[in-house]
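Worksheet: the structure to be examined is printed underneath.
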Amino acid sequence: MSLPSTALASAALPYPLPPCANARTLLFAIRRMGAHGLSDARAAHAIFTLFRERFRRPLTLLRALMADLAGNAALPIAIAPCCCARMTIAESSLLTIIARVETAPETAALLLADLIGVRRPDSVLASAAAVAAAFADEGRPVFR
């Protein structure tokens, strides 16, 4: 069995992990829920570890966002395994959407429309805004 070439790996995972610890935890939870379902215990534990006793709102809203993405996406959303030290284009876009949804909603809406292949992604954008607000309200804003 041969390993993939460096060029192939860098094309599939072109972005480094975000420097923001909150964004890295969010990415981990997104990857776990995307691969193992909305009730994945490791994703829940990561959110619990970040927020402690105030974990319910961010976790519930992240689950709602993941369900909205799955239910509304017309295109596949590529996620990498949890252990990857780099991000896919889709993961980078999703973190950028969450980081910018409150400060640049038009940009976030365009990125989301491209990501999920839907002309009007308003319901999914509202879910992303709720996740961003939940993180920010607890003093854990997502930066990208």
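- Annotation: H36, atom NE2; neighbour count of heavy atoms from other residues, nucleotides and ligands within 6.0 Å is above 12.
- The closest side-chain heavy-atom distance from L115 to V124 is not below 4.5 Å.
- With hydrogens and angles disregarded, a donor-acceptor distance shorter than 3.5 Å links the side chain of R24 to the backbone of P18.
- Contacts of A104 classified as side chain to side chain contact (heavy atoms under 4.5 Å, CB included), with partners at least two apart in sequence or in another chain: R100, T107.
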Derivation and outcome, side chain to side chain contact (heavy atoms under 4.5 Å, CB included), residues S127 and M66: CA-CA 9 Å; S127 293; M66 295 299 290; over 6 Å; no
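- Contact between A43 and R32 at its shortest, heavy atoms only, is CB-CB, 3.7 Å.
- Checked against side-chain hydrogen bond (donor to acceptor under 3.5 Å, both in side chains), D114 has no partners two or more places apart in sequence or in another chain.
- Inspection of the S39 and R63 side chains reveals no N or O donor paired with an N or O acceptor under 3.5 Å.
- Minimum interatomic distance between I47 and P58 (heavy atoms only, all atoms of both residues): CG2-CB, 4.2 Å.
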L95 vs M87, side chain to side chain contact (heavy atoms under 4.5 Å, CB included): CA-CA, chis, key distance, verdict: CA-CA 10 Å; L95 289 179; M87 292 188 295; 3.6 Å; yes
Between side-chain atoms of residues 72-85 and protein atoms elsewhere (two or more places apart, or another chain), which donor-acceptor pairs fall under 3.5 Å?
| from | atom 1 | to | atom 2 | distance (Å) |
| --- | --- | --- | --- | --- |
| N72 | ND2 | D68 | O | 3.0 |

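- Separating the CZ atom in R144 from the CG atom in L94 is a distance of 10.5 Å, to the nearest 0.5 Å.
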Worked verdict on E91 versus I30 for side chain to side chain contact (heavy atoms under 4.5 Å, CB included): CA-CA 9 Å; E91 291 170 335; I30 288 169; 5.7 Å; no
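- Follow the hydrophobic side-chain contacts under 4.5 Å out from I89 and you reach L17 in the same cluster.
- Checked against side-chain hydrogen bond (donor to acceptor under 3.5 Å, both in side chains), R54 has the following partners two or more places apart in sequence or in another chain: E138.
- Atom CD1 of I97 sits about 10.0 Å away from atom CG of L110, to the nearest 0.5 Å.
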Side chain to side chain contact (heavy atoms under 4.5 Å, CB included) between F135 and L50, intermediate numbers included: CA-CA 10 Å; F135 272 67; L50 187 64; 3.9 Å; yes
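- Linking Ile, Leu, Val, Met, Phe, Trp and Tyr residues whenever their side-chain heavy atoms come within less than 4.5 Å leaves L26 and L13 in two separate clusters.
- With rounding to the nearest 0.5 angstrom, the CD1 atom of I98 is 11.5 Å from the CG atom of L111.
- Nearest heavy-atom pair, F143 versus A23, reported as atom, atom and distance to 0.1 Å: O-CB, 3.8 Å.
- Screening residues 53-106 for ring-ring contact (aromatic ring centres under 6.0 Å, His included), with sequence neighbours left out, gives F48-F55.
- Taking each heavy atom of L38 and A67 in turn, the nearest pair found is CD1-CB, 4.0 Å.
- Between T25 and R140 there is no side-chain heavy-atom pair separated by less than 4.5 Å.
- The shortest heavy-atom contact between T88 and Y15 is O-CD1, 3.9 Å.
- Listed by chain and residue number, nothing satisfies the salt bridge (Lys or Arg N to Asp or Glu O under 4.0 Å) test with E102 (two or more places apart in sequence, or in another chain).
- A salt bridge is absent between D40 and R42: the closest approach of a Lys/Arg side-chain nitrogen to an acidic carboxylate oxygen does not fall below 4.0 angstrom.
- Of all the heavy atoms in P141 and C20, the pair that sits closest is O-SG, 3.8 Å.
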